[in-house]
Amino acid sequence: MTKPLPQESLDQIFLTARSFNGYLDTPVSEDQIHALWDLMKMGPTSANLLPARLVWCVSPEAKEKLAALALNTNGDKIRKAPVSVIIGMDIDFHEQAPELFPHVPNIKDWFPDPAVREVMALRNSSLQGAYFIMAARALGLDTGPMSGFDNAGVDAAFFGDTPNIKSNFISTLGYGDRATIFDRLPRPAFGKFNRID
């Protein structure tokens, strides 16, 4: 039986963690990027299908290309962050299914309908995006997830040669500058949005 995490860990991952609008001038290493992926890939997805496809924009050129497709102030956030990440989703995730879920030899045949695959890809890549945020926090990094961008433009610019991959959302990544955040926004008590039947 696993034990509850200590309060310090709960604070770091959930209770005092925040989404950041800006970062300290501290780089994120490629080793840290790999470590983040090695954590987030362990989160559960339907039949271990792992449809998320990530583009880690580290170079100024990649960040500028992405920033140009962002809305409002998101462009500056992307440019100034040490790393900006596109969390994409592979509509043809079933092509990898025999490797990722070998218990069922014909698992590829479970997903003939592209519309059904797209719903599954969105659901499960969103889960993986949440694991990305939690993994970053667990490793002492901060994130700034956002949805204000031109999806079709990002798909053309970053996934043009793989039309089966679509963008889901974007997140900045680094060591957050607490001067860039607002006061904590309200979170409802259990009874407002929950019920136990």
Side-chain angles (χ1 to χ4, degrees), residues 13-14 17-23 28 33 36-37 39-41 43-46 49-93 114-139 141-160 162-188 192-193:
I13 297 172
F14 289 103
R18 300 295 304 276
S19 294
F20 281 84
N21 296 308
Y23 296 88
V28 174
I33 290 171
L36 203 166
W37 169 253
L39 279 182
M40 67 170 282
K41 72 182 180 183
T45 56
S46 299
L49 292 172
L50 300 165
R53 304 292 181 262
L54 277 62
V55 178
W56 306 78
C57 297
V58 178
S59 70
E61 295 78 15
K63 286 190 284 186
E64 181 57 42
K65 183 164 71 166
L66 181 59
L69 298 163
L71 305 178
N72 303 318
T73 60
N74 286 343
D76 279 342
K77 294 177 188 178
I78 290 166
R79 289 182 187 95
K80 293 176 181 177
V83 181
S84 290
V85 185
I86 305 166
I87 290 89
M89 55 182 185
D90 187 356
I91 310 304
D92 290 344
F93 60 80
V116 171
R117 293 200 307 271
E118 186 160 2
V119 171
M120 289 188 69
L122 177 61
R123 179 184 302 120
N124 286 282
S125 67
S126 297
L127 273 175
Q128 289 185 270
Y131 303 145
F132 162 85
I133 295 167
M134 298 299 106
R137 291 174 174 181
L139 293 172
L141 294 164
D142 298 299
T143 63
M146 62 183 78
S147 56
F149 64 96
D150 176 357
N151 282 83
V154 169
D155 294 348
F158 289 89
F159 302 121
T162 52
N164 51 300
I165 301 178
K166 309 290 184 188
S167 53
N168 184 342
F169 70 96
I170 291 170
S171 182
T172 52
L173 177 70
Y175 293 93
D177 179 356
R178 296 198 77 82
T180 68
I181 56 176
F182 306 106
D183 291 339
R184 168 80 75 185
L185 294 171
R187 298 297 196 273
K192 187 171 180 69
F193 293 144

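On a predicted model such as this, the values are computed, not experimentally measured, just so you know. Heavy atoms only: backbone and side chains are in, while hydrogens, waters and symmetry mates are out.
- Take D92 and apply the salt bridge (charged side-chain N to carboxylate O under 4.0 Å, His left out) test, not counting sequence neighbours, and it matches R117.
- Among residues two or more places apart in sequence or in another chain, the salt bridge (charged side-chain N to carboxylate O under 4.0 Å, His left out) test is passed with D155 by none.
- At least one side-chain heavy atom of F159 sits under 4.5 Å from a side-chain heavy atom of I86.
- Panel note: side chain T45, backbone L50; a donor-acceptor pair is recorded below 3.5 Å.
- By the ring pair (Phe, Tyr, Trp, His ring centres under 6.0 Å) test, Y23 is found to be paired with no residue, residues two or more places apart in sequence or in another chain being considered.
- Judged as a ring-ring contact (aromatic ring centres under 6.0 Å, His included), the pairs with a partner in residues 115-138 (not counting sequence neighbours) are, in order, W56-F132.
- When side chains are defined from C-beta on, L36 counts as touching L173, because their heavy atoms get closer than 4.5 Å.
- Closest of all the heavy-atom pairs between S84 and T172 is OG-CG2, 3.6 Å.
- With a 4.5 Å cut-off on side-chain heavy atoms, I78 and C57 do not count as touching.
- Qualifying side chain to side chain donor-acceptor pair (under 3.5 Å) partners for K166, counting only residues two or more places apart in sequence or in other chains: none.
- In this structure, the separation between CD1 on I170 and CE on M146 is 6.5 Å, given to the nearest 0.5 Å.
- Identified under the salt bridge (charged side-chain N to carboxylate O under 4.0 Å, His left out) test for residues 171-184, with sequence neighbours left out: none.
- Using a 4.5 Å cut-off on side-chain heavy atoms (C-beta onward), R123 and P51 make no contact.
- A pairwise comparison of heavy atoms in I165 and R53 identifies CD1-CG, 3.8 Å as the closest pair.
- Within the 4.5 Å cutoff, no side-chain heavy atoms of E118 are placed close to those of V116.
- Between W37 and L39, every side-chain heavy-atom pair lies at or beyond the 4.5 Å cut-off.
- Taking N124 as the reference, S46 meet the side chain to side chain donor-acceptor pair (under 3.5 Å) condition, with sequence neighbours excluded.
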Atom pairs and distances, donor-acceptor, side-chain atoms in residues 63-70, under 3.5 Å, two or more places apart:
unit_1: K63; atom_1: NZ; unit_2: A81; atom_2: O; d: 2.7
unit_1: K63; atom_1: NZ; unit_2: P82; atom_2: O; d: 3.4
unit_1: E64; atom_1: OE1; unit_2: R79; atom_2: NE; d: 2.8
unit_1: E64; atom_1: OE2; unit_2: R79; atom_2: NH2; d: 3.4
unit_1: K65; atom_1: NZ; unit_2: A157; atom_2: O; d: 3.3

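- The backbone N or O of A152 lies less than 3.5 Å from a partner atom in the side chain of D150, making a donor-acceptor pair.
- Counting only distance, with no hydrogens or angles, the side chain of D142 and the backbone of F20 share no donor-acceptor pair below 3.5 Å.
- Partners of S126 under the side chain to side chain donor-acceptor pair (under 3.5 Å) rule, at least two apart in sequence or in another chain, are N168.
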Given the rule in the side chain to side chain contact (heavy atoms under 4.5 Å, CB included) test, do V58 and I33 qualify, once you have shown the distances and angles that lead to the verdict? CA-CA 10 Å; V58 178; I33 290 171; 4.0 Å; yes
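- A search for side-chain contact (heavy atoms from CB on, under 4.5 Å) contacts involving M134 returns I13, F14, R137, not counting sequence neighbours.
- Note that CD1 of I181 and CG of N21 are 8.5 Å apart. Values are rounded to the nearest 0.5 Å.
- Scanning for ring pair (Phe, Tyr, Trp, His ring centres under 6.0 Å) contacts around F93 gives F111, with sequence neighbours left out.
- With rounding to the nearest 0.5 Å, the separation of CG in L71 from OG in S147 is 9.0 Å.
- Between P145 and S171 the shortest heavy-atom distance is N-OG, 3.5 Å.
- Applying the side chain to side chain donor-acceptor pair (under 3.5 Å) criterion to T180, with sequence neighbours excluded, gives no partner residue.
- Of all non-hydrogen atoms in P114 and I91, the two that sit nearest each other are O-CG2, 3.9 Å.
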